[in-house]
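Following: one structure in structure tokens, then a few remarks.
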Amino acid sequence: MNLNIYLGLLHKGEQTLADSFRQVAEGHGAEPDVHFLCRTLAKQCDHHEELLAPLAERYGEDGSDDEPERLHADGLSETRSGPVGLLRDLQDLYLLATLVDATWTVVEQAGSALRDKELLSAVETCQAETQQQISWLKTRMKQAAPQALLVAE
């Protein structure tokens, strides 16, 4: 069974997304909605990691990056400045969140095949919140784009 690979990918993905939300919150503190909501979304990701823990204990977790073909993403180590910087940072978060969402989808299929109610319950909770994160990021990018792309700094 290779579910452990995807549980490891989820763990790393949620951790990376949480750290990246925190980075954007601190780097764009002048945007109160971004600052406070990114901190809240980081806490959601932390909670997702907690929900993963018993599943990783049951099925194992492969957190190695030894597979060269494995898809992975690096988090944000720093934020950009200005309106275009905010837009780019939100877009990076969006990409990370969609990777996590797709991984939850794959794990959901395994949970269905295994008929594992605990796994499916965790997926339902976490994937719904991840999709809300994606929705907010997309909305916030739409809001930021006109100013970032059309107004001279």
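Side-chain atoms are counted along with the backbone in the values below, which use heavy atoms only and exclude waters and symmetry mates.
Taking T98 as the reference, Y94, I134 meet the side chain to side chain contact (heavy atoms under 4.5 Å, CB included) condition, with sequence neighbours excluded. For Q131, the side chain to side chain contact (heavy atoms under 4.5 Å, CB included) criterion is met by D101, Q127, not counting sequence neighbours. Residues satisfying the side chain to side chain contact (heavy atoms under 4.5 Å, CB included) test with L87, not counting sequence neighbours, are M141, A144, A145, A148, L149. Considering only residues two or more places apart in sequence or on other chains, Q15 meets the side chain to side chain donor-acceptor pair (under 3.5 Å) condition with none of them. Every residue two or more places apart in sequence or in another chain was checked for a salt bridge (charged side-chain N to carboxylate O under 4.0 Å, His left out) with E49, and none qualifies. Shown here are the side chain to side chain donor-acceptor pair (under 3.5 Å) partners of Q132, two or more places apart in sequence or in another chain: there are none. Among residues two or more places apart in sequence or in another chain, the side chain to side chain donor-acceptor pair (under 3.5 Å) test is passed with R39 by E26. L114 pairs by the side chain to side chain contact (heavy atoms under 4.5 Å, CB included) definition with M1, L3, Y59, D116, not counting sequence neighbours. Taking the side chain to side chain donor-acceptor pair (under 3.5 Å) definition, one finds that E14 meets it with H48, W104, sequence neighbours left out.
When side chains are defined from C-beta on, Q133 does not count as touching V100, because their heavy atoms never get closer than 4.5 Å. Side-chain contact between L120 and K117 is absent, with no heavy-atom pair separated by less than 4.5 Å.
Among residues at least two apart or in separate chains, there is no salt bridge (charged side-chain N to carboxylate O under 4.0 Å, His left out) pair with a member in residues 119-139.
Counting all heavy atoms, side chain and backbone alike, A25 lies closest to H35 at O-ND1, 2.7 Å. The two residues E61 and A56 make their nearest non-hydrogen contact at OE1-CB, 3.3 Å. The two residues L55 and A122 come nearest to each other via the heavy atoms CD1-CB, 3.8 Å. The shortest heavy-atom contact between S20 and L96 is OG-CD1, 3.5 Å. Shortest non-hydrogen contact noted between C38 and L93 is SG-CD1, 4.2 Å.
Taking CG of L52 as the reference point, atom SG of C126 lies at 6.0 Å (rounded to 0.5 Å). With rounding to the nearest 0.5 angstrom, the CG atom of L17 is 10.0 Å from the CG atom of D46. Atom OG1 of T103 sits about 10.5 Å away from atom CG of L7, to the nearest 0.5 Å. Note: Q91 CD to R140 CZ = 14.0 Å, rounded to the nearest 0.5 Å.
The backbone N or O of E108 lies less than 3.5 Å from a partner atom in the side chain of S112, making a donor-acceptor pair.
When the side chains of ILVMFWY residues are joined at heavy-atom separations under 4.5 Å, either directly or via intervening members, L119 and I5 end up in a single hydrophobic cluster.
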